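Note that the structure is a prediction, hence the values are computed from the model and not measured. Just so you know, ligand 1 is whichever comes first in the structure, and atom 1 is the first atom listed for that ligand.
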Amino acid sequence: MSDKKAAQISIVVFIDALGWDVLKGRQFMEKQLPFRRKLRSVFGFSSACIPSILTGLMPREHKHWSFFYYSPETSPFKMLRLLGFLPRSLVDRGRVRNLISKFIKRLYSYTGYFQLYNIPFEHVDKFDYCEKSDLFLPGGMNRGDNIFDYLSRAGVPYHVSDWRDSEENNLKAVKHDLEKGDISFALLYMASMDALLHEVGKESPLVDQKLAWYETQLNDVLHTASEHYEQVRLFICSDHGMATVHTHVDLMSKVEALGLVFGRDYVATYDSTMGRFWFHNEDARKRVTSLLEQVPEGRILPQDELARLGCDFEGDQYGELIFLMNAGFLVVPSHMGVNPITGMHGYHPDDPDSDACLLSNAEPPNDPRAITDVFHLMRAESGA
Ligand SMILES: [Zn+2]
């Protein structure tokens, strides 16, 4: 290795769920990163927010949102319907579902994040899945180009973490590439803050501990980078924050009590913060709508609001009716998880707990206001 330093490196560190409000009242890299701003999130879970960060597009445009959508014609899960005839106590064990998820992933050569979650096997053949490809590779989007398409077309030498790997290994890998001094842009992916916040909530001292750990690790990254580059530009960004859950609502039982037949009258999927519905007749639409209008813990999102949120999909791909819970209310049971949880996201972007953050040691280019602007920042920083 020569003693001559390379000119400049821009490092973008993505910390999942590091919300603006999670940082409130806490000290986190304030000296190193004095430029601090709130970013508006995108409506949806990480499966919608991360594609928006990587493309600068809204969900309507890149077509990634909640993982499952009604599409019996294209459903890759037809064979799993048979498992619906086996006792739930057997097939619904977490380990069994994980094994089946792995099998499906391999069978169809999916390279994206794939989990069956808790979708009931007797209905799984009605759904398709939106994240079949690796979002962190060129060509990874359902529609549009991501930052990796731009970087590879422009021939920018870059580093990107393997999202399947641990934070420790991702830190090692980025430092290794920084030491070689060949790259001019790096995207470091850190996923475990999200899991911690779901588990313990944003008030927990364990969150302070985790932030202190990130600070130590990222100081080390900064140090390594400054040994090999004249100028180091560091940005930390996130996709959303975390609200504290205070009330569970059994939306599924309320809908099922209407006596409509799932699959004949309607189809629904219950995410942690929303219910999404498709209707096969007007009576079902009317009855579900008037029921949901009486549920005070959330509300039906009107079409014009979905359009403003960038979540008005062609052909109502992700639901003809979207019922969203108010922040802090959790849909239990849902098709997403069975374990009790302290924190949740995926509420309305107007909720302060939805806000993401951008922290940096240099004035960020293009006056970023929303998580989609991180894409433009990455293009400006990398020259892609
Ligand atoms: Zn999460």
Side-chain angles (χ1 to χ4, degrees), residues 13-23 39-54 59 64-68 94 97-98 101 112-119 129-131 135-136 161 163-167 170 188-204 206-207 210-211 213-214 236-248 269-276 309 311 318 324-349 351-357 370-371 374:
V13 183
F14 171 83
I15 301 181
D16 199 331
L18 185 67
W20 183 250
D21 258 45
V22 172
L23 290 174
L39 297 183
R40 181 175 168 85
S41 190
V42 156
F43 178 40
F45 300 97
S46 295
S47 54
C49 296
I50 293 175
S52 284
I53 289 174
L54 296 177
H64 292 255
W65 205 44
S66 288
F67 284 130
F68 293 92
R97 280 193 170 257
N98 278 338
S101 298
Y113 174 83
F114 181 73
Q115 239 311 327
L116 276 170
Y117 292 97
N118 216 31
I119 289 268
Y129 189 81
C130 83
E131 197 176 306
L135 304 176
F136 289 81
S161 301
W163 52 268
R164 300 163 192 85
D165 216 338
S166 67
E167 293 188 331
N170 284 336
L188 172 59
Y189 179 85
M190 306 289 259
S192 69
M193 188 61 148
D194 182 68
L196 178 70
L197 285 163
H198 278 299
E199 193 188 333
V200 301
K202 65 174 180 172
E203 314 292 348
S204 168
L206 292 175
V207 175
K210 183 71 187 176
L211 286 172
W213 182 83
Y214 280 130
I236 295 180
C237 72
S238 59
D239 47 354
H240 52 72
M242 190 71 67
T244 303
V245 170
H246 53 72
T247 309
H248 292 179
T269 181
Y270 301 91
D271 303 331
S272 311
T273 64
M274 54 181 116
R276 297 183 286 122
L309 295 169
C311 295
Y318 289 95
L324 174 65
M325 304 305 288
N326 300 329
F329 291 90
L330 192 68
V331 177
V332 180
S334 79
H335 291 161
M336 295 313 282
V338 278
N339 298 329
I341 219 162
T342 312
M344 189 42 76
H345 54 90
Y347 295 106
H348 201 289
D351 179 58
D353 278 315
S354 295
D355 289 329
C357 73
I371 62 169
V374 174

CD on Gln115 to CZ on Phe68, rounded to 0.5 Å: 8.0 Å
Within this structure, what is the OG-CZ distance for the pair Ser272 and Phe329, rounded to the nearest 0.5 Å? 15.5 Å
Do Tyr113 and Phe67 have ring centres separated by under 6.0 Å? yes
What protein N/O/S atoms are found closer than 2.8 Å to the Zn ion (ligand 1)? Asp194 OD1, Asp194 OD2, His198 NE2, His345 NE2
From Ser192 OG over to Leu196 CG, what is the distance, rounded to the nearest 0.5 angstrom? 7.5 Å
Would you compute the distance between atom NE2 of His345 and atom SG of Cys49 and round it to the nearest 0.5 angstrom? 8.0 Å
Enter the distance from Phe45:CZ to Asp194:CG here, rounded to the nearest 0.5 Å. 11.0 Å
